[in-house]
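These notes are about the structure you will find just below.
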Amino acid sequence: MSLTEIKAEIPATAVEETDVLLQELGAEGWSLLEDAIAKRAWIVGVFADEATARAAWVALQPQLASASEPVVRLLADQDWRDSYKAHFKAWRSGRLHWLPVWERGTYVVPPGDVALWLDPGLAFGTGNHETTRLCCERLVAYAARHGTRGRVLDAGCGSGILALSAALLGFAEVAGFDNDPEAVRVSQENAALNERQGAVAFFVGDLVSGLAGRQADLLLANIQADVLMRFAAGLVAAVAPGGVLVLSGILAVESGKVRQAFAGAAPGWAIEGRTLGEWSDLMLTRGR
(Lines give C-alpha, C1' and ligand atoms only; values in the text may rest on other atoms or scores of the structure.)
Protein backbone atom coordinates (compact mmCIF):
# COMPACT_ATOMS: atom_id res chain seq x y z
CA MET A 1 0.00 0.00 0.00
CA SER A 2 1.47 3.41 -1.03
CA LEU A 3 0.16 6.72 0.27
CA THR A 4 1.09 10.37 -0.22
CA GLU A 5 2.48 12.62 2.50
CA ILE A 6 2.19 16.40 2.36
CA LYS A 7 4.24 18.32 4.92
CA ALA A 8 4.67 22.04 5.68
CA GLU A 9 6.60 23.81 8.41
CA ILE A 10 4.70 26.04 10.84
CA PRO A 11 6.04 28.28 13.63
CA ALA A 12 6.72 26.28 16.79
CA THR A 13 4.62 28.82 18.67
CA ALA A 14 1.61 27.96 16.49
CA VAL A 15 1.33 24.25 17.41
CA GLU A 16 -1.45 24.59 19.98
CA GLU A 17 -3.60 26.90 17.88
CA THR A 18 -3.10 24.64 14.84
CA ASP A 19 -4.15 21.60 16.88
CA VAL A 20 -7.29 23.44 17.93
CA LEU A 21 -7.94 24.46 14.32
CA LEU A 22 -7.71 20.86 13.06
CA GLN A 23 -10.15 19.72 15.73
CA GLU A 24 -12.61 22.53 15.02
CA LEU A 25 -12.51 21.87 11.27
CA GLY A 26 -12.72 18.11 11.70
CA ALA A 27 -9.78 17.96 9.28
CA GLU A 28 -9.05 14.25 8.89
CA GLY A 29 -5.68 12.88 7.80
CA TRP A 30 -3.60 15.66 9.42
CA SER A 31 -1.22 15.51 12.39
CA LEU A 32 1.42 17.72 13.98
CA LEU A 33 5.14 17.06 14.49
CA GLU A 34 7.36 18.95 16.92
CA ASP A 35 11.10 19.13 17.53
CA ALA A 36 11.25 20.70 20.99
CA ILE A 37 15.03 21.02 20.97
CA ALA A 38 15.27 22.74 17.60
CA LYS A 39 12.01 24.61 18.27
CA ARG A 40 10.52 23.61 14.92
CA ALA A 41 7.13 22.17 14.00
CA TRP A 42 5.32 20.80 10.97
CA ILE A 43 1.80 19.95 9.88
CA VAL A 44 1.69 16.60 8.10
CA GLY A 45 -1.08 15.02 6.08
CA VAL A 46 -1.23 11.46 4.78
CA PHE A 47 -3.70 10.73 1.97
CA ALA A 48 -4.55 8.05 -0.56
CA ASP A 49 -2.93 9.84 -3.52
CA GLU A 50 -1.26 13.11 -4.54
CA ALA A 51 -4.41 14.69 -5.96
CA THR A 52 -6.28 14.13 -2.69
CA ALA A 53 -3.33 15.45 -0.68
CA ARG A 54 -3.06 18.64 -2.71
CA ALA A 55 -6.82 19.22 -2.58
CA ALA A 56 -6.76 18.84 1.20
CA TRP A 57 -3.94 21.37 1.39
CA VAL A 58 -5.80 23.87 -0.80
CA ALA A 59 -8.77 23.62 1.57
CA LEU A 60 -6.63 24.02 4.71
CA GLN A 61 -3.94 26.47 3.63
CA PRO A 62 -6.04 29.68 3.95
CA GLN A 63 -6.23 28.96 7.70
CA LEU A 64 -2.42 28.54 7.91
CA ALA A 65 -1.01 31.81 6.66
CA SER A 66 2.32 31.23 8.44
CA ALA A 67 2.96 27.77 6.93
CA SER A 68 5.75 27.16 4.45
CA GLU A 69 5.24 25.76 0.96
CA PRO A 70 4.35 22.07 1.37
CA VAL A 71 6.59 19.19 0.36
CA VAL A 72 4.83 16.20 -1.21
CA ARG A 73 6.28 12.69 -1.29
CA LEU A 74 5.13 9.13 -1.89
CA LEU A 75 5.14 6.90 1.19
CA ALA A 76 5.63 3.16 1.19
CA ASP A 77 3.49 1.18 3.63
CA GLN A 78 6.23 0.92 6.25
CA ASP A 79 7.04 4.64 6.02
CA TRP A 80 3.59 5.88 6.96
CA ARG A 81 3.08 3.31 9.67
CA ASP A 82 6.42 4.19 11.25
CA SER A 83 5.54 7.90 11.25
CA TYR A 84 2.91 7.25 13.95
CA LYS A 85 5.33 5.53 16.33
CA ALA A 86 6.79 8.83 17.54
CA HIS A 87 3.37 10.01 18.73
CA PHE A 88 1.72 6.96 20.27
CA LYS A 89 2.95 6.11 23.77
CA ALA A 90 1.68 3.46 26.19
CA TRP A 91 -0.69 4.61 28.94
CA ARG A 92 -3.24 3.17 31.34
CA SER A 93 -6.37 3.85 33.38
CA GLY A 94 -7.21 1.45 36.17
CA ARG A 95 -6.47 -2.09 35.04
CA LEU A 96 -6.75 -1.31 31.34
CA HIS A 97 -3.62 -0.48 29.31
CA TRP A 98 -3.55 1.09 25.82
CA LEU A 99 -0.39 0.00 24.03
CA PRO A 100 1.22 0.38 20.60
CA VAL A 101 1.45 -2.99 18.88
CA TRP A 102 5.18 -2.51 18.23
CA GLU A 103 5.76 -2.79 22.02
CA ARG A 104 4.08 -6.18 22.22
CA GLY A 105 7.35 -8.04 22.80
CA THR A 106 8.69 -5.67 25.47
CA TYR A 107 5.80 -4.23 27.50
CA VAL A 108 4.91 -6.26 30.60
CA VAL A 109 1.21 -6.18 31.53
CA PRO A 110 0.77 -6.63 35.31
CA PRO A 111 -1.14 -9.74 36.50
CA GLY A 112 -4.89 -9.13 36.53
CA ASP A 113 -4.66 -6.22 34.07
CA VAL A 114 -5.73 -6.27 30.43
CA ALA A 115 -4.15 -4.63 27.41
CA LEU A 116 -5.52 -3.20 24.19
CA TRP A 117 -2.88 -3.31 21.45
CA LEU A 118 -3.34 -0.62 18.83
CA ASP A 119 -2.04 0.17 15.38
CA PRO A 120 -3.87 3.45 14.72
CA GLY A 121 -2.88 3.86 11.07
CA LEU A 122 -4.64 6.89 9.62
CA ALA A 123 -7.51 6.87 12.10
CA PHE A 124 -7.87 9.20 15.07
CA GLY A 125 -7.69 7.62 18.50
CA THR A 126 -4.68 6.23 20.35
CA GLY A 127 -5.69 7.61 23.73
CA ASN A 128 -2.73 9.98 23.74
CA HIS A 129 -4.94 12.92 22.79
CA GLU A 130 -6.81 14.51 25.68
CA THR A 131 -10.22 14.04 24.05
CA THR A 132 -9.76 10.27 23.71
CA ARG A 133 -8.25 9.96 27.17
CA LEU A 134 -11.24 11.69 28.75
CA CYS A 135 -13.58 9.15 27.10
CA CYS A 136 -11.43 6.17 28.04
CA GLU A 137 -11.37 7.21 31.67
CA ARG A 138 -15.15 7.66 31.68
CA LEU A 139 -15.55 4.16 30.23
CA VAL A 140 -13.32 2.57 32.86
CA ALA A 141 -15.14 4.43 35.65
CA TYR A 142 -18.56 3.42 34.25
CA ALA A 143 -17.56 -0.27 34.20
CA ALA A 144 -16.30 -0.07 37.78
CA ARG A 145 -19.50 1.62 38.97
CA HIS A 146 -22.21 -0.14 36.94
CA GLY A 147 -20.66 -3.42 35.81
CA THR A 148 -20.45 -4.60 32.22
CA ARG A 149 -23.94 -5.85 31.38
CA GLY A 150 -25.03 -2.80 29.44
CA ARG A 151 -24.96 -1.97 25.73
CA VAL A 152 -22.11 0.29 24.57
CA LEU A 153 -22.17 2.37 21.39
CA ASP A 154 -19.13 4.29 20.10
CA ALA A 155 -20.21 7.10 17.76
CA GLY A 156 -17.28 8.15 15.57
CA CYS A 157 -15.13 5.14 16.46
CA GLY A 158 -11.84 6.32 14.87
CA SER A 159 -9.31 3.56 15.57
CA GLY A 160 -11.89 1.58 17.56
CA ILE A 161 -10.16 2.30 20.87
CA LEU A 162 -13.31 2.99 22.90
CA ALA A 163 -15.42 0.15 21.55
CA LEU A 164 -12.59 -2.38 21.82
CA SER A 165 -11.78 -1.18 25.33
CA ALA A 166 -15.39 -1.82 26.30
CA ALA A 167 -15.16 -5.36 24.89
CA LEU A 168 -11.93 -5.99 26.80
CA LEU A 169 -13.54 -4.82 30.02
CA GLY A 170 -16.24 -7.44 29.53
CA PHE A 171 -19.16 -5.68 27.82
CA ALA A 172 -20.89 -8.21 25.58
CA GLU A 173 -23.00 -5.83 23.44
CA VAL A 174 -20.68 -3.31 21.81
CA ALA A 175 -20.99 -1.48 18.48
CA GLY A 176 -19.02 1.31 16.85
CA PHE A 177 -19.48 3.34 13.69
CA ASP A 178 -17.69 6.03 11.74
CA ASN A 179 -18.51 7.95 8.57
CA ASP A 180 -14.97 7.22 7.30
CA PRO A 181 -14.60 3.70 5.85
CA GLU A 182 -10.85 3.85 6.57
CA ALA A 183 -11.58 4.28 10.28
CA VAL A 184 -13.88 1.25 10.24
CA ARG A 185 -11.22 -0.79 8.44
CA VAL A 186 -8.55 0.20 10.99
CA SER A 187 -10.97 -0.58 13.85
CA GLN A 188 -11.49 -4.08 12.44
CA GLU A 189 -7.73 -4.53 12.09
CA ASN A 190 -7.27 -3.51 15.73
CA ALA A 191 -9.96 -6.01 16.73
CA ALA A 192 -7.97 -8.74 14.96
CA LEU A 193 -4.74 -7.60 16.67
CA ASN A 194 -6.46 -8.22 19.99
CA GLU A 195 -8.18 -11.47 18.94
CA ARG A 196 -11.55 -9.75 19.34
CA GLN A 197 -12.92 -10.34 15.86
CA GLY A 198 -16.70 -10.14 16.09
CA ALA A 199 -16.65 -8.80 19.65
CA VAL A 200 -17.60 -5.35 18.33
CA ALA A 201 -20.02 -4.65 15.48
CA PHE A 202 -18.14 -2.00 13.48
CA PHE A 203 -19.96 -0.35 10.58
CA VAL A 204 -19.93 2.75 8.39
CA GLY A 205 -22.50 5.33 9.45
CA ASP A 206 -23.05 8.95 10.39
CA LEU A 207 -24.89 10.47 13.33
CA VAL A 208 -28.22 9.83 11.62
CA SER A 209 -27.87 6.34 10.15
CA GLY A 210 -25.52 5.14 12.91
CA LEU A 211 -27.92 6.01 15.71
CA ALA A 212 -31.14 5.05 13.93
CA GLY A 213 -33.10 2.41 15.83
CA ARG A 214 -30.43 2.07 18.53
CA GLN A 215 -30.35 2.76 22.24
CA ALA A 216 -27.29 2.30 24.44
CA ASP A 217 -26.72 2.17 28.16
CA LEU A 218 -23.41 3.93 27.51
CA LEU A 219 -23.09 6.11 24.41
CA LEU A 220 -19.65 7.60 23.71
CA ALA A 221 -19.22 10.44 21.19
CA ASN A 222 -15.76 11.94 20.75
CA ILE A 223 -16.61 14.46 18.01
CA GLN A 224 -16.05 18.21 17.70
CA ALA A 225 -18.42 20.50 19.57
CA ASP A 226 -20.35 21.99 16.65
CA VAL A 227 -21.28 18.53 15.36
CA LEU A 228 -22.30 17.35 18.83
CA MET A 229 -24.61 20.33 19.23
CA ARG A 230 -26.08 19.93 15.75
CA PHE A 231 -27.03 16.31 16.48
CA ALA A 232 -27.88 16.74 20.17
CA ALA A 233 -31.45 15.49 19.81
CA GLY A 234 -30.39 12.28 18.05
CA LEU A 235 -27.62 11.57 20.56
CA VAL A 236 -29.95 12.08 23.51
CA ALA A 237 -32.63 9.86 21.94
CA ALA A 238 -30.11 7.03 21.58
CA VAL A 239 -29.54 6.77 25.35
CA ALA A 240 -31.61 4.14 27.15
CA PRO A 241 -33.46 4.95 30.39
CA GLY A 242 -30.90 5.09 33.19
CA GLY A 243 -28.13 5.33 30.60
CA VAL A 244 -25.13 7.61 30.23
CA LEU A 245 -23.99 9.85 27.36
CA VAL A 246 -20.31 10.84 27.28
CA LEU A 247 -19.33 13.71 25.00
CA SER A 248 -15.76 14.71 24.21
CA GLY A 249 -13.89 16.61 21.50
CA ILE A 250 -14.97 19.83 23.23
CA LEU A 251 -12.60 22.73 23.74
CA ALA A 252 -12.69 23.93 27.34
CA VAL A 253 -13.80 27.36 26.16
CA GLU A 254 -16.76 25.75 24.36
CA SER A 255 -17.89 23.61 27.30
CA GLY A 256 -20.49 26.06 28.58
CA LYS A 257 -22.12 26.40 25.16
CA VAL A 258 -22.25 22.62 24.65
CA ARG A 259 -23.60 22.08 28.17
CA GLN A 260 -26.37 24.59 27.51
CA ALA A 261 -27.30 22.91 24.21
CA PHE A 262 -27.56 19.47 25.79
CA ALA A 263 -29.35 20.73 28.89
CA GLY A 264 -32.02 21.94 26.50
CA ALA A 265 -32.10 18.68 24.57
CA ALA A 266 -32.13 16.53 27.73
CA PRO A 267 -34.08 18.42 30.41
CA GLY A 268 -33.75 16.92 33.86
CA TRP A 269 -30.65 14.85 33.06
CA ALA A 270 -27.71 15.14 35.44
CA ILE A 271 -24.71 16.80 33.76
CA GLU A 272 -21.10 16.96 34.89
CA GLY A 273 -17.89 17.84 33.12
CA ARG A 274 -14.10 17.67 33.41
CA THR A 275 -11.22 19.54 31.81
CA LEU A 276 -7.88 18.13 30.66
CA GLY A 277 -5.52 20.71 29.20
CA GLU A 278 -7.42 22.73 26.61
CA TRP A 279 -10.12 20.07 26.23
CA SER A 280 -13.18 19.06 28.20
CA ASP A 281 -15.89 16.43 28.32
CA LEU A 282 -19.48 16.21 29.51
CA MET A 283 -21.28 13.25 31.04
CA LEU A 284 -25.08 13.23 30.98
CA THR A 285 -27.06 10.68 32.97
CA ARG A 286 -30.65 9.92 32.02
CA GLY A 287 -33.16 9.14 34.74
CA ARG A 288 -35.07 5.88 34.77
Side-chain angles (χ1 to χ4, degrees), residues 20-28 123-125 129-139 141-142 145-146 150-158 160-163 166 171 173-180 183-184 201-288:
V20 170
L21 173 68
L22 294 177
Q23 290 292 321
E24 289 181 334
L25 295 176
E28 298 177 347
F124 179 78
H129 195 277
E130 292 92 336
T131 59
T132 312
R133 186 174 295 242
L134 286 164
C135 278
C136 287
E137 291 174 351
R138 291 287 193 187
L139 169 63
Y142 179 94
R145 188 180 306 117
H146 300 284
R151 297 159 292 174
V152 178
L153 181 58
D154 180 7
C157 61
I161 181 173
L162 299 177
F171 288 93
E173 294 185 61
V174 186
F177 65 87
D178 201 292
N179 63 0
D180 182 359
V184 173
F202 287 115
F203 61 97
V204 177
D206 56 27
L207 286 177
V208 176
S209 62
L211 297 174
R214 295 177 181 268
Q215 277 202 324
D217 299 289
L218 175 61
L219 174 55
L220 302 154
N222 184 13
I223 305 169
Q224 66 258 31
D226 62 320
V227 177
L228 292 174
M229 290 187 289
R230 194 182 320 143
F231 292 94
L235 287 163
V236 166
V239 179
V244 170
L245 171 61
V246 174
L247 307 171
S248 190
I250 306 166
L251 286 165
V253 296
E254 299 174 318
S255 182
K257 182 168 58 174
V258 179
R259 180 188 287 260
Q260 183 177 10
F262 276 85
W269 292 30
I271 306 178
E272 63 175 88
R274 299 179 304 156
T275 299
L276 183 60
E278 295 183 338
W279 299 94
S280 64
D281 72 356
L282 290 172
M283 184 175 78
L284 295 84
T285 303
R286 179 178 178 179
R288 294 187 181 279

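In what follows, every heavy atom counts, from backbone to side chain, and hydrogens, waters and symmetry copies are set aside.
The CZ atom of Arg230 sits 8.0 Å away from the CD atom of Gln224 when rounded to the nearest 0.5 Å. Separating the CG atom in Leu235 from the CD1 atom in Ile223 is a distance of 6.5 Å, to the nearest 0.5 Å. Between atom CG of residue Leu276 and atom CZ of residue Arg133 there is a gap of 7.0 Å, rounded to the nearest 0.5 Å. How far CG of Leu134 is from CE of Met283: 12.0 Å, rounded to the nearest 0.5 Å. For the atom pair Leu153 CG and Phe171 CZ, the distance stands at 12.5 Å (nearest 0.5 Å).
Applying the salt bridge (charged side-chain N to carboxylate O under 4.0 Å, His left out) test to pairs two or more places apart or on separate chains, none has a residue in residues 234-263. Screening residues 203-262 for ring-ring contact (aromatic ring centres under 6.0 Å, His included) gives Phe177-Phe203 as the qualifying pairs, with residues at least two apart or on separate chains.
Asp206 places no side-chain N or O within 3.5 Å of a backbone atom of Asn179 that could act as its donor or acceptor partner. Without hydrogens or angle criteria, Glu173 side chain to Gly150 main chain gives no donor-acceptor distance under 3.5 Å. With Ser280 contributing its side chain and Ile250 its backbone, the two residues share a donor-acceptor pair below 3.5 Å. No donor-acceptor distance shorter than 3.5 angstrom exists from the side chain of Thr131 to the backbone of Ser248, with no hydrogens or angles considered. Under the 3.5 Å distance criterion, the side-chain polar atoms of Asp178 are left unmatched by any main-chain donor or acceptor of Val184.
Just one of Leu220, Asp217, Val246 meets the side-chain contact (heavy atoms from CB on, under 4.5 Å) condition when paired with Tyr142; it is Asp217.
Contact between Gly242 and Arg288 at its shortest, heavy atoms only, is CA-CG, 3.7 Å. The two residues Gln215 and Pro241 make their nearest non-hydrogen contact at OE1-CD, 4.0 Å.
With a 4.5 Å cut-off on side-chain heavy atoms, Asp281 and Cys135 do not count as touching. Between Arg151 and Arg214, the closest side-chain pair of non-hydrogen atoms is not below 4.5 Å. Contact check for Trp269 versus Thr285: no side-chain heavy atoms found under the 4.5 Å cut-off.
No more than 12 heavy atoms of other residues, nucleotides or ligands lie within 6.0 Å of CD in Gln260, so this atom counts as exposed by the packing criterion.
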